[in-house]
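Values reported hereafter were calculated over all heavy atoms of this structure, with side chains retained and with hydrogens, waters and symmetry mates removed. Please read all numbers here as calculations on a predicted model, not as lab measurements.
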Amino acid sequence: MIPTICIKDYTYPLPDERIAKYPLAERDLSKLLKYENGEITENSFTDLPSFLPSDSIMVFNDTKVVPARLHFKRDTGAIIEVFCLEPIKPVEYNLAFAATETCEWKCIVGNAKKWKGDTLHLYTGEELTAELAAMDLKADLVERDGATSIVRFTWADKAPFSRVLELCGRIPVPPYLNRETESIDYERYQTLYAKYRGSVAAPTAGLHFTERVLDRIKAKGVDMETVCLHVGAGTFLPVKSDNVAEHTMHREPFVVRLEFLKDLRNRGGRKLIAVGTTSVRTLESIYYAGVSCIETGKPADVGQWAPYEREYPYSMEESLDALISYLESRGEEQLSIGTRIIIVPGFRFRVVDILVTNFHQPQSTLLLLISAFVGGNWRPIYDFALCHGFRFLSYGDSSVLFRA
């Protein structure tokens, strides 16, 4: 049964000065709030390894943010921003990034009313360098679809589209920073372990990790695993409906390796630590992908309300067995599907025991996830953070939360 939740019950005062506009000088010197069994303490992020149980599993999202914001200019002089969301032609990320001369993407178009469908030319705010001029990057409107558009990019250079974005695009820092992308963002709005291109927003819980913290976690006997969920622009969208049931989650593709599914199947009593809400959504989606595999013979995308629609008679082990058998029978090394899962109070967690995460926006789906994870006790956590000078949102401080 889809729960009835009023989003206004998940708000709190967040003064603009508490939003971290820039990262700290050193990644791991942020504050760390620890919440366990109702007790809240203030620490440093460098203390994190000491709080983690040995012989546990820590899961990171190794997606990589792409410079997905492109600026173009009409012959009239109007500046049009095109924000790439996901590839359409080719539809696979790796093929889209490897495409030469042309590709099509679903995009959000800024100043869309001023774009009449004419061909746009790259604009950087100044004269194009010889290299960019030779690339001759153009954008054509294929179709409009509500709030998004399909845009065809063409360029003269034989470079892959990944190189086009590196040269012509900007890292899409969150809109609530109220500033343009700066040079520091190209390094710091990216985790140290980012590997696979595809996100338009960073999995920001991972921004705090440094090599010294990672080394101390390894020394503790914690196994480190990765999943990959490409974060979409929907992560920035507030819940606009009073009733959360009317909010629509965007699809985000994710990949989980077969070997990790086997490790998860055989983890026994080991605790699982998720770094970031994107890792949580990926890990908790695995069960429902396995359910579809049991019932239809193959894994399918996880629907937004799948966890709430009915009771499921299958164990986590049965779900994992179905996925492992399916992949092995096809000679595939990874599970690649998508999820729209929304995690709200009342959700049954089957995988994640401990969560490392930042502090999220009022009335957001991420705050709903936090509330679900701590058994509804989110408000004392956020009150403590506000009263003790914690910095909020993407470049802000961190927390480690032990599930209720």
Side-chain angles (χ1 to χ4, degrees), residues 10 12 28 30-61 203-209 213-214 216-227 260 263-264 267-287 307 316 341-360 364-388 390-393 396-404:
Y10 296 85
Y12 65 92
D28 59 11
S30 58
K31 290 185 178 185
L32 177 72
L33 180 150
K34 176 174 175 278
Y35 172 85
E36 185 174 13
N37 296 326
E39 183 181 349
I40 303 171
T41 58
E42 178 182 332
N43 311 272
S44 167
F45 192 81
T46 54
D47 298 323
L48 176 65
S50 64
F51 300 141
L52 304 180
S54 58
D55 193 31
S56 55
I57 304 171
M58 194 169 205
V59 180
F60 300 81
N61 182 5
T204 54
L207 298 181
H208 306 275
F209 286 85
V213 170
L214 292 170
R216 288 182 58 210
I217 292 172
K218 292 176 187 175
K220 188 80 180 284
V222 176
D223 288 339
M224 295 188 179
E225 299 279 0
T226 59
V227 295
F260 174 55
D263 290 343
L264 199 57
R267 72 165 169 157
R270 289 191 293 168
K271 298 292 186 183
L272 193 139
I273 308 153
V275 177
T277 56
T278 60
S279 295
V280 174
R281 295 180 65 245
T282 301
L283 292 165
E284 296 294 339
S285 291
I286 290 172
Y287 173 78
M316 187 69 201
I341 196 171
I342 186 170
I343 296 178
V344 301
F347 180 85
R348 178 185 174 187
F349 287 90
R350 300 173 185 269
V351 183
V352 181
D353 301 296
I354 302 169
L355 170 60
V356 178
T357 188
N358 285 16
F359 296 94
H360 305 291
S364 65
T365 58
L366 302 182
L367 187 57
L368 292 171
L369 185 154
I370 299 305
S371 180
F373 195 77
V374 298
N377 207 29
W378 70 272
R379 196 174 292 278
I381 295 170
Y382 275 64
D383 285 346
F384 184 97
L386 286 166
C387 292
H388 288 77
F390 280 71
R391 301 158 72 247
F392 279 63
L393 308 186
D397 293 316
S398 185
S399 66
V400 56
L401 312 174
F402 290 72
R403 183 157 61 85

### Query
Parallel, tilted or perpendicular for Phe45 and Phe209, by the 30°/60° rule?
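Plane angle over 60°, so perpendicular.
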How long is the gap from [atom1] on [X] to [atom2] on [Y], to the nearest 0.5 Å?
{"X": "Ile57", "Y": "Leu264", "atom1": "CD1", "atom2": "CG", "result": "6.5 Å"}
{"X": "Leu393", "Y": "Thr204", "atom1": "CG", "atom2": "OG1", "result": "8.5 Å"}
{"X": "Ile343", "Y": "Leu368", "atom1": "CD1", "atom2": "CG", "result": "10.5 Å"}
{"X": "Cys387", "Y": "Tyr382", "atom1": "SG", "atom2": "OH", "result": "14.5 Å"}
{"X": "Ser50", "Y": "Ile217", "atom1": "OG", "atom2": "CD1", "result": "10.0 Å"}
{"X": "Leu283", "Y": "Leu355", "atom1": "CG", "atom2": "CG", "result": "10.5 Å"}

### Query
Hey, mind stepping through Ile354 and Leu401 against side-chain contact (heavy atoms from CB on, under 4.5 Å) and telling me if it holds?
CA-CA 6 Å; Ile354 302 169; Leu401 312 174; over 6 Å; no
### Query
Within a radius of less than 6.0 Å around CZ of Arg348, do more than 12 heavy atoms belonging to other residues, nucleotides or ligands occur?
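No, CZ of Arg348 has 12 or fewer neighbouring heavy atoms, counting only those of other groups under 6.0 Å.
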#### Entry: By side chain to side chain donor-acceptor pair (under 3.5 Å) - contacts of Arg403 (at least two apart)
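Scan of Arg403 (side chain to side chain donor-acceptor pair (under 3.5 Å), adjacent residues dropped) gives Asp353.
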Looking at every heavy atom in both [X] and [Y], which two are closest together, and how far apart are they?
{"X": "Ser398", "Y": "Val356", "answer": "OG-CG1, 3.7 Å"}
{"X": "Val222", "Y": "Pro53", "answer": "CG2-O, 3.7 Å"}
{"X": "Gly375", "Y": "Ala404", "answer": "N-CB, 3.8 Å"}
{"X": "Ile286", "Y": "Met316", "answer": "CG2-CE, 4.1 Å"}
{"X": "Pro345", "Y": "Ala372", "answer": "N-CB, 3.7 Å"}

### Query
Under 3.5 Å, is there a donor-acceptor pair linking the side chains of Thr46 and Asp28?
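Checked: Thr46/Asp28 side chains show no N/O donor-acceptor pair below 3.5 Å.
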### Message
Between Asp223 and Arg270, is the salt bridge (charged side-chain N to carboxylate O under 4.0 Å, His left out) condition met? List the steps.
### Response
CA-CA 10 Å; Asp223 288 339; Arg270 289 191 293 168; 2.7 Å; yes
### Query
What residues form a side-chain contact (heavy atoms from CB on, under 4.5 Å) with Glu42, not counting sequence neighbours?
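For Glu42 the side-chain contact (heavy atoms from CB on, under 4.5 Å) partners, ignoring immediate neighbours, are Lys31, Phe384, His388, Phe390.
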### Query
Who pairs with Asn377 by side-chain contact (heavy atoms from CB on, under 4.5 Å), at least two apart in sequence or on another chain?
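With sequence neighbours excluded, Asn377 shows a side-chain contact (heavy atoms from CB on, under 4.5 Å) to Tyr35, Val374, Pro380, given in chain and number order.
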N/O donor-acceptor pair under 3.5 Å between [X] side chain and [Y] backbone:
{"X": "Arg350", "Y": "Tyr287", "answer": "no"}
{"X": "Ser371", "Y": "Leu367", "answer": "no"}
{"X": "Glu225", "Y": "Phe60", "answer": "no"}
{"X": "Thr277", "Y": "Leu366", "answer": "no"}

### Task
Before giving the answer on side-chain hydrogen bond (donor to acceptor under 3.5 Å, both in side chains), spell out for His208 and Asp397 the whole-Å C-alpha distance, their side-chain angles and the decisive distance to 0.1 Å.
CA-CA 8 Å; His208 306 275; Asp397 293 316; 5.9 Å; no
For the residue pair [X] and [Y], establish whether any side-chain heavy-atom pair is separated by less than 4.5 Å.
{"X": "Phe373", "Y": "Thr357", "result": "no"}
{"X": "Thr226", "Y": "Val59", "result": "no"}
{"X": "Leu33", "Y": "Ile381", "result": "yes"}
{"X": "Ser56", "Y": "Leu272", "result": "no"}

### Task
Apply side-chain contact (heavy atoms from CB on, under 4.5 Å) to Leu369 and Phe347, showing your working.
CA-CA 9 Å; Leu369 185 154; Phe347 180 85; over 6 Å; no
### Task
Mark yes or no: Lys34 above the aromatic ring of Phe402, with NZ or CZ under 6.0 Å from the six-membered ring centre and no more than 45 degrees from the axis.
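Yes, Lys34 and Phe402 form such a contact.
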### Stepwise side-chain contact (heavy atoms from CB on, under 4.5 Å) test for Ile341 and Ser285
CA-CA 7 Å; Ile341 196 171; Ser285 291; 3.4 Å; yes
### Task
Go through the steps to decide whether Leu386 and Phe359 satisfy the test side-chain contact (heavy atoms from CB on, under 4.5 Å), and finish with yes or no.
CA-CA 10 Å; Leu386 286 166; Phe359 296 94; over 6 Å; no
### Task
Might you work through the side-chain hydrogen bond (donor to acceptor under 3.5 Å, both in side chains) test for Asn61 and Thr278, ending with a clear yes or no?
CA-CA 7 Å; Asn61 182 5; Thr278 60; 3.0 Å; yes
